[in-house]
Visitor: 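This is the structure I have questions about; it appears just below.
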Amino acid sequence: MSVRVRMAPSPTGEPHIGNVRTAVFNWLFARKMGGRFILRVEDTDRTRYQPETVEVMMDGLRWLGLNWDEGPGLEELQRMGIHPEAAAKYAVGGPCGPYIQSERLDQYREVAAELLERGWAYRCNCTPERLERVRQRQRANKELVMYDRHCRDLPPDTISPHEPHVIRLKVPLEGQTILHDVIKGDVVFENSGIDDQVLLKSDGFPTYHLAVVVDDHGMEITHVIRGDDWIPSTPKRVLIYQALGWQPPVYCHVPLVLATDGKKLGKRHGATSITQFREQGYLSEALFNFLTLVGWAPGGGEEQEIFGRDELIAAFDLFRVNKASAVFSYDKLDWMNGVYIRELAEEALLERLLPFWQRAGLVPDPCPDEERERLRLVVPLVQERLKRLGEVVEWTGFLFGEIEPPPADKLVGKKMTPQESLVALQQARARLAGVESFDAETLEALLRGLADELALKAGSLFGILRWAVTGQQVSPPLFGSLAALGREKTVARLEAAESVLAAAGQGNP
RNA sequence: GCCCCCAUCGUCUAGUCUGGUCUAGGACACAGGCCUUUCAAGCCUGCGACAAGGGUUCGAAUCCCUUUGGGGGUACCA
């Protein structure tokens, strides 16, 4: 039987990086096994439903290269209220649709009715208030907190199908339910500790527990790969499979992704949504590579860490995934992203950088050819310095618009007097104004020559020039920066710097 | 409280299943050095772990038990 796995996000918020990592495992496994990766939208929680996030999720998956083989079709997406253009872009369809749970309600009701008939479920009309009271009492008495089965053994017709009620699973009072998990091994639960879970809510929507079983079965999912925070509730679903006489999927509970403080990664820990990673300038291939390595490693003495997509597919082994949860290291991600940035061809990097410059308002969109020519000069200057593409704005800000003239003390070189520094700046300006070709190589030769003539250490001279021209202590390499800035602006900034120095000198002879 | 999962450097991990080759390997981070026009990048060096206690065994990071620690779950959320 061919492998079928799924990613089943619920559209209740921004796609969380932990879920995305799990999606990566699913995708990798499907590709490795020549199986199918299916996208299903689990929108059964109507109170937390945020329709926009469906598109954000699909966009994020595509961006990461996690293409799905089956998923919501065009009309389904449009019915969800997704813009026709976007819907067309993300529509995939498939033989097991609909791939949106809110469009499968009939199936859940049917199965719930069957469970009722088989004596594996019962109606319950307890109010939320009563339920809350029961829970409070249980907590106060330090008992197991779960439904007290008040309606479980009511005579058959006590609760009419027409009054508001829920349908609950009738969990056996005794015995054990075993979860066979390929990563964690067998996990045994006492049935006495399993809650009579609600399967069908009073609004007619199923809970996750019912819906996921019906859909996984209907969509012939072979392997359920998901976070291990689902383990405690899995026996309920195993029981539903038993009740229905269905074959359960192979369960693979993968470890959670934690923040540096050891807690489940959350918003206050930094970027958690895939959108944020993208906006900060992580390359999708780097993030993909990194995500693969949180909770999994190739093993066998393999010490490589940078893997191409195909290498990853070949090397990935679901059954080698770790049991223990892993902390998400932004530091290591930054390093890896830097590696990928450095590997990019210059033109490709330029292409990726452009939107960041444009979003910061530094470069017009579309980018005129001559500006592009100029940016071609700056790419190699920043390439090995960037960890995230977004950082290019800080690195190159001085090349666009005007800068604040630097304070006088920054314009005095090491072991130099203000007067000497002023002369050096003037000399540099005069030569730069007259030099024939304004390219990095020529400028370097010129300025090294000047340092020699003035008997200055090259570093001292370059330091004050850097301050004068970039307004910063730290900048991309000087000569390339000058070339990218252009003669006119370079000369103007030197002039401005000279004025600052001269003015300071007069006030303090 | 109750249930469940987990446990190798600060972090990600290799090694655990099939005990000996492990005075525990790699990567990130950190520290120092080299290179150098600043910052990076690169190169070199250093720091740094088998949670604890009991077993089993000639021998345990590897097998068993207990403790401790961490995490997750405990909804008409997913």
Visitor: Using the 3.5 Å cut-off, write out each protein N or O paired with an N or O of nucleotides 71-74 of chain B and the distance between them.
Guide:
unit_1, atom_1, unit_2, atom_2, d
B:rG71, OP1, A:Lys263, NZ, 2.4
B:rG72, OP1, A:Lys264, N, 3.3
B:rG73, OP1, A:Lys264, NZ, 3.0
B:rU74, O2', A:Val145, O, 3.0

Visitor: Just to verify, what does A:Trp68 make a side chain to side chain donor-acceptor pair (under 3.5 Å) with, not counting sequence neighbours?
Guide: none
Visitor: Side chain of A:Ser202, base of B:rC76: donor and acceptor closer than 3.5 Å?
Guide: yes
Visitor: For nucleotides 21-28 of chain B, print each protein N/O atom paired with a nucleotide N/O atom at under 3.5 Å, atom names and distance only.
Guide:
unit_1, atom_1, unit_2, atom_2, d
B:rG25, O2', A:Glu303, OE2, 3.0
B:rG26, O4', A:Glu303, OE2, 3.1
B:rA27, O4', A:Glu305, OE2, 2.7
B:rA27, O2', A:Glu305, OE2, 2.9
B:rA27, O2', A:Lys332, NZ, 3.4
B:rA27, N3, A:Lys332, NZ, 3.2
B:rC28, OP1, A:Trp335, NE1, 3.4
B:rC28, O2', A:Lys332, N, 3.3

Visitor: Tell me the salt bridge (Lys or Arg N to Asp or Glu O under 4.0 Å) pairs involving residues 158-182 of chain A, sequence neighbours left out?
Guide: none
Visitor: Could you tell me which residues satisfy side chain to side chain donor-acceptor pair (under 3.5 Å) with A:Asp317, sequence neighbours excluded, listed by chain and number?
Guide: none
Visitor: List for me each residue that meets side chain to side chain donor-acceptor pair (under 3.5 Å) alongside A:Trp296, sequence neighbours excluded, and say none if there are none.
Guide: none
Visitor: Counting only heavy atoms from other residues, nucleotides and ligands, does the tally under 6.0 Å from CD of A:Glu343 exceed 12?
Guide: yes
Visitor: In a table with atom names and distances, give each donor-acceptor pair under 3.5 Å that connects a side chain of residues 196-208 of chain A to protein atoms at least two apart or in another chain.
Guide:
unit_1, atom_1, unit_2, atom_2, d
A:Asp196, OD1, A:Arg152, NH1, 3.3
A:Asp196, OD1, A:Val171, N, 3.2
A:Asp196, OD2, A:Tyr122, OH, 2.6
A:Asp196, OD2, A:Arg152, NH1, 3.0
A:Gln197, OE1, A:Lys236, NZ, 2.8
A:Lys201, NZ, A:Thr44, O, 3.0
A:Asp203, OD1, A:Phe205, N, 2.8
A:Thr207, OG1, A:Val198, O, 2.8
A:Thr207, OG1, A:Leu199, O, 3.4
A:Tyr208, OH, A:Arg226, NH2, 3.2

Visitor: Can the ring centroids of A:Phe316 and A:Phe25 be said to lie less than 6.0 angstrom from one another?
Guide: yes
Visitor: Using a 4.0 Å cut-off on heavy atoms, which residues in residues 465-477 of chain A reach RNA chain B? List them by number, or say none.
Guide: A:Arg466, A:Gln473, A:Val474, A:Ser475, A:Pro476, A:Pro477
Visitor: NA contact type, A:Thr44, heavy-atom cut-off 4.0 Å: base, sugar-phosphate, or nothing?
Guide: sugar-phosphate
Visitor: Look at the side chain of A:Glu42 and decide which nucleotide, out of B:rC76, B:rA78, B:rG1, has an atom nearest to it.
Guide: B:rA78
Visitor: What nitrogen or oxygen pairs link the protein and nucleotides 47-49 of chain B at under 3.5 Å?
Guide:
none

Visitor: Going by heavy atoms closer than 4.0 Å, what residues in residues 392-399 of chain A are next to RNA chain B?
Guide: A:Trp395
Visitor: Which pairs pass salt bridge (Lys or Arg N to Asp or Glu O under 4.0 Å) with one or both residues in residues 294-308 of chain A, sequence neighbours excluded?
Guide: A:Glu305-A:Lys332
Visitor: Quick one: which residue pairs count as a salt bridge (Lys or Arg N to Asp or Glu O under 4.0 Å) with a foot in residues 136-147 of chain A, not counting sequence neighbours?
Guide: A:Glu132-A:Arg139
